[in-house]
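Here the structure is laid out as C-alpha coordinates; the discussion comes afterwards.
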There are 2 protein chains.
Amino acid sequence: MAKLPQEVGRPRGRPREFDLDEALDKAIRVFREQGYNATSIGDLTEAMGLASGSIYKAFKDKRTVFLAALDRYMLLRNEQIAAVARAARTARERLRAVLGFYVESAKGVEGRRGCMVVGSAIELAIADREVAARITAALSRNEALLADLIRQGQADRSIPGKIDPDETARVMICLTQGLRVVGRAGRAPADTSAAVDIAMKLLA
Amino acid sequence: MAKLPQEVGRPRGRPREFDLDEALDKAIRVFREQGYNATSIGDLTEAMGLASGSIYKAFKDKRTVFLAALDRYMLLRNEQIAAVARAARTARERLRAVLGFYVESAKGVEGRRGCMVVGSAIELAIADREVAARITAALSRNEALLADLIRQGQADRSIPGKIDPDETARVMICLTQGLRVVGRAGRAPADTSAAVDIAMKLLA
DNA sequence: TGACTTAGGGAACAATCTTTCCCTAAATGG
DNA sequence: CCATTTAGGGAAAGATTGTTCCCTAAGTCA
(Lines give C-alpha, C1' and ligand atoms only; values in the text may rest on other atoms or scores of the structure.)
Protein backbone atom coordinates (compact mmCIF):
# COMPACT_ATOMS: atom_id res chain seq x y z
CA MET A 1 0.00 0.00 0.00
CA ALA A 2 1.28 3.49 -0.82
CA LYS A 3 1.43 5.95 2.01
CA LEU A 4 -1.36 8.49 2.08
CA PRO A 5 -0.29 11.91 0.78
CA GLN A 6 0.87 13.12 4.17
CA GLU A 7 0.76 16.83 4.79
CA VAL A 8 4.37 18.03 4.73
CA GLY A 9 4.40 19.31 8.28
CA ARG A 10 7.62 20.28 9.98
CA PRO A 11 10.18 17.54 10.07
CA ARG A 12 10.77 15.72 13.33
CA GLY A 13 13.27 17.16 15.79
CA ARG A 14 14.66 20.63 16.41
CA PRO A 15 14.43 22.80 13.31
CA ARG A 16 17.55 24.07 11.57
CA GLU A 17 18.30 27.64 12.62
CA PHE A 18 20.10 28.75 9.48
CA ASP A 19 19.29 28.77 5.78
CA LEU A 20 21.17 26.08 3.89
CA ASP A 21 21.47 28.10 0.70
CA GLU A 22 22.71 31.19 2.51
CA ALA A 23 25.32 29.08 4.27
CA LEU A 24 26.33 27.55 0.93
CA ASP A 25 26.66 31.00 -0.60
CA LYS A 26 29.23 31.82 2.06
CA ALA A 27 31.01 28.53 1.45
CA ILE A 28 31.05 29.28 -2.28
CA ARG A 29 32.84 32.52 -1.59
CA VAL A 30 35.59 30.77 0.35
CA PHE A 31 35.97 27.89 -2.09
CA ARG A 32 36.16 30.29 -5.02
CA GLU A 33 38.91 32.30 -3.39
CA GLN A 34 40.99 29.53 -1.85
CA GLY A 35 40.04 26.35 -3.64
CA TYR A 36 39.21 23.06 -1.99
CA ASN A 37 42.47 21.93 -0.42
CA ALA A 38 43.48 25.30 0.97
CA THR A 39 40.11 25.74 2.68
CA SER A 40 40.00 24.28 6.18
CA ILE A 41 36.96 23.42 8.24
CA GLY A 42 38.00 26.37 10.36
CA ASP A 43 37.71 28.64 7.33
CA LEU A 44 34.25 27.25 6.70
CA THR A 45 33.03 27.65 10.30
CA GLU A 46 34.18 31.26 10.21
CA ALA A 47 32.64 32.03 6.83
CA MET A 48 29.41 30.14 7.36
CA GLY A 49 28.97 31.24 10.97
CA LEU A 50 28.55 27.67 12.14
CA ALA A 51 30.44 25.44 14.55
CA SER A 52 32.23 22.47 13.06
CA GLY A 53 29.75 20.11 14.70
CA SER A 54 26.88 21.89 12.99
CA ILE A 55 28.54 21.67 9.62
CA TYR A 56 28.96 17.94 10.08
CA LYS A 57 25.30 17.70 11.08
CA ALA A 58 24.25 19.28 7.80
CA PHE A 59 26.86 17.64 5.56
CA LYS A 60 28.60 14.31 5.61
CA ASP A 61 32.07 15.78 5.30
CA LYS A 62 34.09 18.61 3.80
CA ARG A 63 33.89 17.12 0.34
CA THR A 64 30.10 17.01 0.52
CA VAL A 65 30.01 20.69 1.47
CA PHE A 66 32.15 21.37 -1.57
CA LEU A 67 29.97 19.36 -3.92
CA ALA A 68 26.84 21.12 -2.65
CA ALA A 69 28.55 24.49 -3.04
CA LEU A 70 29.67 23.57 -6.55
CA ASP A 71 26.16 22.51 -7.53
CA ARG A 72 24.70 25.73 -6.23
CA TYR A 73 27.41 27.80 -7.92
CA MET A 74 26.66 26.19 -11.27
CA LEU A 75 22.92 26.61 -10.76
CA LEU A 76 23.19 30.33 -10.03
CA ARG A 77 25.64 30.88 -12.86
CA ASN A 78 23.43 29.09 -15.38
CA GLU A 79 20.52 31.26 -14.34
CA GLN A 80 22.60 34.38 -14.84
CA ILE A 81 23.76 33.32 -18.28
CA ALA A 82 20.28 32.34 -19.32
CA ALA A 83 18.99 35.73 -18.17
CA VAL A 84 21.73 37.53 -20.09
CA ALA A 85 20.97 35.54 -23.22
CA ARG A 86 17.22 36.11 -22.87
CA ALA A 87 17.69 39.87 -22.66
CA ALA A 88 19.05 40.17 -26.20
CA ARG A 89 16.86 39.89 -29.28
CA THR A 90 18.71 38.26 -32.16
CA ALA A 91 20.88 35.19 -31.87
CA ARG A 92 23.96 37.19 -32.76
CA GLU A 93 23.16 39.74 -30.06
CA ARG A 94 22.63 36.93 -27.58
CA LEU A 95 26.06 35.55 -28.40
CA ARG A 96 27.56 39.01 -27.95
CA ALA A 97 25.81 39.36 -24.62
CA VAL A 98 26.95 35.99 -23.32
CA LEU A 99 30.55 36.60 -24.35
CA GLY A 100 30.42 40.05 -22.79
CA PHE A 101 29.12 38.53 -19.58
CA TYR A 102 32.09 36.16 -19.46
CA VAL A 103 34.53 39.00 -20.04
CA GLU A 104 32.93 41.08 -17.30
CA SER A 105 33.05 38.11 -14.94
CA ALA A 106 36.78 37.86 -15.49
CA LYS A 107 37.52 41.48 -14.62
CA GLY A 108 38.33 43.20 -11.35
CA VAL A 109 37.58 41.71 -7.96
CA GLU A 110 35.01 39.34 -9.42
CA GLY A 111 37.65 37.99 -11.78
CA ARG A 112 40.21 37.68 -8.98
CA ARG A 113 37.64 35.83 -6.88
CA GLY A 114 37.73 33.11 -9.51
CA CYS A 115 35.35 30.61 -11.06
CA MET A 116 34.44 27.49 -9.15
CA VAL A 117 34.10 25.44 -12.33
CA VAL A 118 37.58 26.32 -13.52
CA GLY A 119 39.01 25.95 -10.03
CA SER A 120 37.44 22.52 -9.60
CA ALA A 121 38.53 21.41 -13.05
CA ILE A 122 42.13 22.30 -12.31
CA GLU A 123 42.33 21.20 -8.69
CA LEU A 124 40.05 18.17 -8.51
CA ALA A 125 38.99 16.85 -11.93
CA ILE A 126 41.87 14.36 -11.84
CA ALA A 127 41.41 13.20 -8.26
CA ASP A 128 37.64 13.18 -7.81
CA ARG A 129 35.33 11.30 -10.14
CA GLU A 130 32.18 13.11 -9.02
CA VAL A 131 33.73 16.51 -9.44
CA ALA A 132 34.99 15.46 -12.85
CA ALA A 133 31.49 14.39 -13.87
CA ARG A 134 30.05 17.74 -12.80
CA ILE A 135 32.73 19.67 -14.68
CA THR A 136 32.23 17.62 -17.81
CA ALA A 137 28.49 18.21 -17.60
CA ALA A 138 28.93 21.95 -17.05
CA LEU A 139 31.33 22.34 -19.95
CA SER A 140 29.21 20.34 -22.36
CA ARG A 141 26.08 22.21 -21.26
CA ASN A 142 27.69 25.58 -21.91
CA GLU A 143 29.13 24.31 -25.16
CA ALA A 144 25.68 23.13 -26.24
CA LEU A 145 24.21 26.53 -25.33
CA LEU A 146 26.73 28.33 -27.52
CA ALA A 147 26.31 25.85 -30.37
CA ASP A 148 22.58 26.35 -30.15
CA LEU A 149 22.90 30.12 -30.34
CA ILE A 150 25.15 29.72 -33.34
CA ARG A 151 22.59 27.53 -35.08
CA GLN A 152 19.88 30.07 -34.31
CA GLY A 153 22.09 32.72 -35.88
CA GLN A 154 22.57 30.59 -38.94
CA ALA A 155 18.81 30.13 -39.20
CA ASP A 156 18.17 33.87 -39.14
CA ARG A 157 21.16 34.54 -41.48
CA SER A 158 23.02 36.67 -38.92
CA ILE A 159 25.79 34.06 -38.82
CA PRO A 160 27.35 32.44 -41.90
CA GLY A 161 25.94 29.00 -42.58
CA LYS A 162 29.29 27.56 -43.52
CA ILE A 163 30.82 27.53 -40.05
CA ASP A 164 30.63 24.42 -37.87
CA PRO A 165 28.50 25.24 -34.79
CA ASP A 166 29.94 22.49 -32.61
CA GLU A 167 33.60 23.05 -33.41
CA THR A 168 33.19 26.79 -33.08
CA ALA A 169 31.36 26.48 -29.78
CA ARG A 170 34.13 24.27 -28.44
CA VAL A 171 36.76 26.86 -29.28
CA MET A 172 34.59 29.57 -27.73
CA ILE A 173 34.36 27.59 -24.51
CA CYS A 174 38.13 27.58 -24.38
CA LEU A 175 37.99 31.33 -24.65
CA THR A 176 35.51 31.72 -21.81
CA GLN A 177 37.37 29.37 -19.48
CA GLY A 178 40.67 31.02 -20.34
CA LEU A 179 39.17 34.36 -19.42
CA ARG A 180 38.69 33.08 -15.87
CA VAL A 181 42.32 31.97 -15.75
CA VAL A 182 43.75 35.31 -16.82
CA GLY A 183 41.13 37.07 -14.69
CA ARG A 184 42.44 35.21 -11.67
CA ALA A 185 45.83 36.72 -12.42
CA GLY A 186 44.32 40.17 -12.88
CA ARG A 187 45.06 40.25 -16.59
CA ALA A 188 41.59 40.16 -18.11
CA PRO A 189 41.01 42.36 -21.17
CA ALA A 190 40.49 45.95 -20.07
CA ASP A 191 38.11 46.88 -22.86
CA THR A 192 35.19 44.48 -22.80
CA SER A 193 33.54 45.44 -26.07
CA ALA A 194 36.85 45.43 -27.93
CA ALA A 195 37.56 41.93 -26.65
CA VAL A 196 34.07 40.76 -27.59
CA ASP A 197 34.47 42.26 -31.07
CA ILE A 198 37.58 40.17 -31.53
CA ALA A 199 35.98 37.02 -30.12
CA MET A 200 32.98 37.47 -32.43
CA LYS A 201 35.31 37.05 -35.40
CA LEU A 202 35.20 33.34 -34.62
CA LEU A 203 31.72 33.46 -36.15
CA ALA A 204 32.91 34.77 -39.50
CA MET B 1 90.17 43.66 -2.55
CA ALA B 2 88.21 41.50 -4.94
CA LYS B 3 88.85 37.81 -4.73
CA LEU B 4 91.04 36.39 -7.41
CA PRO B 5 89.08 34.59 -10.15
CA GLN B 6 89.17 31.27 -8.34
CA GLU B 7 89.04 28.17 -10.43
CA VAL B 8 85.59 26.66 -9.92
CA GLY B 9 86.79 23.39 -8.45
CA ARG B 10 84.41 21.08 -6.69
CA PRO B 11 82.49 22.72 -3.92
CA ARG B 12 83.42 21.89 -0.33
CA GLY B 13 81.83 18.84 1.32
CA ARG B 14 80.23 15.69 0.04
CA PRO B 15 79.03 16.08 -3.54
CA ARG B 16 75.34 15.82 -4.37
CA GLU B 17 74.49 12.38 -5.68
CA PHE B 18 71.51 13.32 -7.83
CA ASP B 19 70.91 15.79 -10.62
CA LEU B 20 68.90 18.78 -9.45
CA ASP B 21 67.15 19.29 -12.77
CA GLU B 22 66.21 15.64 -13.09
CA ALA B 23 64.77 15.72 -9.59
CA LEU B 24 62.86 18.88 -10.46
CA ASP B 25 61.49 17.23 -13.58
CA LYS B 26 59.98 14.55 -11.37
CA ALA B 27 58.60 17.16 -9.01
CA ILE B 28 57.09 19.00 -11.98
CA ARG B 29 55.25 15.87 -12.93
CA VAL B 30 53.66 15.56 -9.48
CA PHE B 31 52.85 19.24 -9.15
CA ARG B 32 51.25 19.29 -12.58
CA GLU B 33 49.04 16.35 -11.74
CA GLN B 34 48.09 17.17 -8.18
CA GLY B 35 48.77 20.84 -7.70
CA TYR B 36 50.61 22.38 -4.78
CA ASN B 37 48.37 21.77 -1.80
CA ALA B 38 47.46 18.20 -2.64
CA THR B 39 51.11 17.24 -3.01
CA SER B 40 52.72 16.10 0.23
CA ILE B 41 56.39 15.83 1.04
CA GLY B 42 55.77 12.08 0.96
CA ASP B 43 54.59 12.38 -2.64
CA LEU B 44 57.74 14.31 -3.46
CA THR B 45 60.11 11.87 -1.76
CA GLU B 46 58.52 9.05 -3.70
CA ALA B 47 58.56 10.85 -7.04
CA MET B 48 62.00 12.39 -6.67
CA GLY B 49 63.56 9.29 -5.14
CA LEU B 50 64.91 11.28 -2.21
CA ALA B 51 64.38 11.13 1.53
CA SER B 52 62.64 14.09 3.11
CA GLY B 53 65.87 15.14 4.79
CA SER B 54 67.62 15.30 1.44
CA ILE B 55 64.89 17.43 -0.06
CA TYR B 56 65.23 19.85 2.80
CA LYS B 57 69.00 19.90 2.27
CA ALA B 58 68.50 20.96 -1.33
CA PHE B 59 65.54 23.29 -0.82
CA LYS B 60 64.43 25.54 2.02
CA ASP B 61 60.90 24.14 2.15
CA LYS B 62 58.09 22.71 0.06
CA ARG B 63 57.22 26.10 -1.37
CA THR B 64 60.79 26.57 -2.59
CA VAL B 65 60.68 23.19 -4.34
CA PHE B 66 57.50 24.33 -6.03
CA LEU B 67 58.93 27.68 -7.13
CA ALA B 68 62.01 25.96 -8.56
CA ALA B 69 59.82 23.43 -10.36
CA LEU B 70 57.62 26.22 -11.71
CA ASP B 71 60.63 28.15 -12.99
CA ARG B 72 61.99 25.08 -14.71
CA TYR B 73 58.59 24.22 -16.17
CA MET B 74 58.27 27.70 -17.68
CA LEU B 75 61.83 27.59 -18.97
CA LEU B 76 61.31 24.27 -20.77
CA ARG B 77 57.95 25.32 -22.12
CA ASN B 78 59.30 28.60 -23.48
CA GLU B 79 62.05 26.71 -25.23
CA GLN B 80 59.52 24.38 -26.83
CA ILE B 81 57.33 27.24 -28.01
CA ALA B 82 60.30 29.13 -29.38
CA ALA B 83 61.42 26.02 -31.25
CA VAL B 84 57.95 25.49 -32.69
CA ALA B 85 57.77 29.11 -33.81
CA ARG B 86 61.26 28.98 -35.32
CA ALA B 87 60.40 25.95 -37.42
CA ALA B 88 57.79 27.80 -39.50
CA ARG B 89 58.71 30.29 -42.18
CA THR B 90 56.18 33.09 -42.40
CA ALA B 91 54.72 34.94 -39.45
CA ARG B 92 51.28 33.55 -40.19
CA GLU B 93 52.64 30.01 -40.29
CA ARG B 94 54.45 30.62 -37.03
CA LEU B 95 51.19 31.68 -35.42
CA ARG B 96 49.48 28.59 -36.77
CA ALA B 97 52.27 26.44 -35.41
CA VAL B 98 52.17 28.00 -31.95
CA LEU B 99 48.40 27.69 -31.70
CA GLY B 100 48.60 24.10 -32.90
CA PHE B 101 51.21 23.38 -30.26
CA TYR B 102 48.86 24.68 -27.57
CA VAL B 103 45.99 22.55 -28.86
CA GLU B 104 48.19 19.46 -28.94
CA SER B 105 49.36 20.18 -25.40
CA ALA B 106 45.75 20.21 -24.24
CA LYS B 107 44.89 16.81 -25.69
CA GLY B 108 45.13 13.29 -24.31
CA VAL B 109 47.25 12.36 -21.34
CA GLU B 110 49.41 15.44 -21.74
CA GLY B 111 46.32 17.60 -21.49
CA ARG B 112 45.04 15.68 -18.48
CA ARG B 113 48.42 16.11 -16.83
CA GLY B 114 47.77 19.81 -16.82
CA CYS B 115 49.72 23.04 -17.14
CA MET B 116 51.71 24.29 -14.19
CA VAL B 117 51.15 27.92 -15.13
CA VAL B 118 47.39 27.54 -15.24
CA GLY B 119 47.41 25.40 -12.11
CA SER B 120 49.49 27.91 -10.20
CA ALA B 121 47.39 30.81 -11.40
CA ILE B 122 44.23 29.15 -10.16
CA GLU B 123 45.54 27.65 -6.94
CA LEU B 124 48.14 30.13 -5.73
CA ALA B 125 48.04 33.46 -7.55
CA ILE B 126 45.78 34.88 -4.83
CA ALA B 127 47.70 33.51 -1.85
CA ASP B 128 51.33 33.77 -2.94
CA ARG B 129 52.88 37.00 -4.17
CA GLU B 130 55.92 35.37 -5.73
CA VAL B 131 53.84 32.85 -7.62
CA ALA B 132 51.58 35.66 -8.79
CA ALA B 133 54.58 37.60 -10.07
CA ARG B 134 55.81 34.59 -12.04
CA ILE B 135 52.38 33.97 -13.54
CA THR B 136 51.98 37.60 -14.52
CA ALA B 137 55.41 37.53 -16.14
CA ALA B 138 54.67 34.30 -18.00
CA LEU B 139 51.33 35.53 -19.32
CA SER B 140 52.68 38.87 -20.45
CA ARG B 141 55.69 37.20 -22.05
CA ASN B 142 53.48 34.85 -24.08
CA GLU B 143 51.15 37.68 -24.92
CA ALA B 144 54.09 39.75 -26.15
CA LEU B 145 55.29 36.81 -28.25
CA LEU B 146 51.91 36.50 -29.95
CA ALA B 147 51.60 40.25 -30.44
CA ASP B 148 55.05 40.27 -31.98
CA LEU B 149 54.15 37.49 -34.41
CA ILE B 150 51.01 39.40 -35.36
CA ARG B 151 53.06 42.52 -36.07
CA GLN B 152 55.45 40.49 -38.19
CA GLY B 153 52.48 39.19 -40.12
CA GLN B 154 51.22 42.70 -40.65
CA ALA B 155 54.65 43.73 -41.90
CA ASP B 156 54.71 40.95 -44.51
CA ARG B 157 51.02 41.52 -45.39
CA SER B 158 49.93 38.02 -44.36
CA ILE B 159 47.80 39.55 -41.59
CA PRO B 160 45.46 42.52 -42.07
CA GLY B 161 47.00 45.75 -40.84
CA LYS B 162 43.78 46.96 -39.32
CA ILE B 163 43.66 44.56 -36.37
CA ASP B 164 45.08 45.55 -32.99
CA PRO B 165 48.04 43.24 -32.23
CA ASP B 166 47.91 43.71 -28.45
CA GLU B 167 44.16 43.29 -28.00
CA THR B 168 44.15 40.30 -30.33
CA ALA B 169 47.08 38.69 -28.57
CA ARG B 170 45.34 39.12 -25.26
CA VAL B 171 42.25 37.31 -26.50
CA MET B 172 44.43 34.60 -28.00
CA ILE B 173 46.13 34.06 -24.64
CA CYS B 174 42.69 33.45 -23.14
CA LEU B 175 42.19 30.80 -25.76
CA THR B 176 45.48 29.06 -25.01
CA GLN B 177 44.95 29.07 -21.26
CA GLY B 178 41.38 27.91 -21.69
CA LEU B 179 42.62 25.01 -23.76
CA ARG B 180 44.54 23.78 -20.73
CA VAL B 181 41.41 24.02 -18.60
CA VAL B 182 39.24 21.97 -20.92
CA GLY B 183 42.19 19.68 -21.59
CA ARG B 184 42.37 18.95 -17.89
CA ALA B 185 38.75 17.81 -18.11
CA GLY B 186 39.48 15.71 -21.18
CA ARG B 187 37.43 17.95 -23.44
CA ALA B 188 40.05 19.48 -25.69
CA PRO B 189 39.16 19.84 -29.37
CA ALA B 190 39.54 16.50 -31.13
CA ASP B 191 40.56 17.91 -34.49
CA THR B 192 43.60 20.10 -33.98
CA SER B 193 43.77 21.68 -37.41
CA ALA B 194 40.06 22.44 -37.44
CA ALA B 195 40.37 24.15 -34.07
CA VAL B 196 43.39 26.12 -35.23
CA ASP B 197 41.53 27.15 -38.39
CA ILE B 198 38.80 28.61 -36.22
CA ALA B 199 41.24 30.29 -33.86
CA MET B 200 43.07 31.86 -36.81
CA LYS B 201 39.91 33.74 -37.67
CA LEU B 202 40.80 36.06 -34.81
CA LEU B 203 43.42 37.45 -37.20
CA ALA B 204 40.91 38.43 -39.87
C1' DT C 1 95.95 11.59 8.70
C1' DG C 2 92.74 14.61 11.05
C1' DA C 3 89.70 18.66 10.96
C1' DC C 4 86.06 20.39 8.37
C1' DT C 5 82.17 20.68 5.25
C1' DT C 6 78.18 19.15 2.86
C1' DA C 7 74.89 15.26 1.48
C1' DG C 8 71.75 11.16 2.43
C1' DG C 9 68.35 9.12 5.18
C1' DG C 10 64.93 8.39 8.38
C1' DA C 11 63.13 8.88 13.03
C1' DA C 12 61.10 12.39 15.95
C1' DC C 13 58.64 16.50 16.60
C1' DA C 14 55.28 20.09 16.29
C1' DA C 15 51.51 21.94 14.15
C1' DT C 16 47.36 21.52 11.71
C1' DC C 17 43.39 19.52 10.00
C1' DT C 18 39.30 16.53 9.62
C1' DT C 19 36.10 14.06 12.02
C1' DT C 20 33.77 12.17 16.09
C1' DC C 21 31.67 12.56 20.45
C1' DC C 22 28.93 14.36 23.91
C1' DC C 23 26.16 17.55 26.18
C1' DT C 24 22.52 20.93 25.83
C1' DA C 25 18.53 22.98 23.33
C1' DA C 26 14.30 22.96 20.75
C1' DA C 27 11.03 20.88 18.42
C1' DT C 28 7.09 16.78 17.76
C1' DG C 29 4.03 12.83 19.15
C1' DG C 30 1.22 10.15 22.11
C1' DC D 1 4.48 15.69 30.32
C1' DC D 2 7.62 12.35 29.14
C1' DA D 3 9.86 9.92 25.25
C1' DT D 4 11.91 10.78 20.95
C1' DT D 5 14.20 13.20 17.35
C1' DT D 6 17.21 16.53 15.33
C1' DA D 7 20.21 20.81 15.72
C1' DG D 8 24.00 23.73 17.88
C1' DG D 9 28.38 23.97 19.80
C1' DG D 10 32.80 22.96 21.29
C1' DA D 11 36.14 19.77 23.27
C1' DA D 12 38.65 15.61 22.17
C1' DA D 13 40.37 12.25 19.23
C1' DG D 14 42.73 10.52 15.28
C1' DA D 15 45.18 11.24 11.19
C1' DT D 16 48.23 13.73 8.28
C1' DT D 17 51.52 17.04 7.22
C1' DG D 18 55.72 20.01 7.05
C1' DT D 19 59.96 20.52 9.25
C1' DT D 20 63.87 19.60 12.26
C1' DC D 21 67.39 16.77 14.17
C1' DC D 22 70.85 13.56 14.31
C1' DC D 23 73.75 10.12 12.74
C1' DT D 24 76.43 8.29 8.98
C1' DA D 25 78.83 8.89 4.48
C1' DA D 26 81.76 11.15 1.21
C1' DG D 27 84.17 14.53 -0.18
C1' DT D 28 88.14 18.85 0.46
C1' DC D 29 91.85 21.33 2.75
C1' DA D 30 96.08 21.69 5.42
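As the structure is a prediction and not an experimental result, all values here were calculated from the model.
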message = Nearest heavy atom decides the nucleotide; on that basis, is B/Lys62 or A/Gly53 closer to the 5' end of DNA chain D?
response = A/Gly53
query = Should the pair A/Tyr36 and A/Phe31 be assigned to parallel (<30°), tilted (30 to 60°) or perpendicular (>60°) ring geometry?
reply = parallel
ask   = So, are A/Glu143 and B/Arg187 salt-bridged, with charged N and O less than 4.0 Å apart?
value = yes
inquiry  = Checking the side chain of A/Lys62 only, and the main-chain atoms of A/Ser40 only, is there a donor and an acceptor separated by less than 3.5 Å?
reply    = no
request  = Look at the side-chain N and O atoms of B/Lys57 and state whether any lies under 4.0 Å from the OP1 or OP2 oxygen of C/dA7.
outcome  = no
query = Any chance the side chains of B/Arg96 and B/Ser193 put a donor and an acceptor closer than 3.5 Å?
reply = no
task = Measure from the side-chain N and O atoms of B/Arg92 to the backbone N and O of B/Ser158, and report whether any donor-acceptor pair falls under 3.5 Å.
result = yes
remark   = Between CG of B/Asp61 and P of D/dT17 the distance, given in whole Å, is 17 Å
task = To the nearest Å, give me how far apart CD1 (A/Ile55) and C1' (D/dG10) are.
result = 13 Å
key: Atom pair distance, as rounded to whole Å: CZ in B/Phe59 and C1' in C/dT6   = 16 Å
request  = Could you check which residues of residues 16-51 of chain A get a heavy atom under 4.0 Å from DNA chain C? Sort them by number, please.
outcome  = A/Thr39, A/Ser40, A/Ile41
Contact under 4.0 Å: B/Ser54 side-chain N or O vs C/dG9 OP1/OP2 = yes
inquiry  = Check this for me, if you would: do B/Arg151 and B/Asp166 make a salt bridge, where the nitrogen-to-carboxylate-oxygen distance has to be below 4.0 angstrom?
reply    = yes
query = Have B/Arg94 and B/Gln152 got a donor and an acceptor in their side chains that come within less than 3.5 Å?
reply = yes
inquiry  = From OH of B/Tyr56 over to C1' of C/dC13, roughly how many Å is that when rounded to an integer?
reply    = 13 Å
Between the protein and nucleotides 27-30 of chain C, which nitrogen or oxygen pairs come in under 3.5 angstrom?
residue	atom	partner	partner atom	Å
C/dA27	O3'	A/Arg10	NH1	3.4
C/dT28	O4'	A/Arg12	O	3.4

request  = Decide, yes or no, whether a salt bridge links B/Lys26 with B/Glu22 under the criterion of side-chain N to carboxylate O below 4.0 Å.
outcome  = no
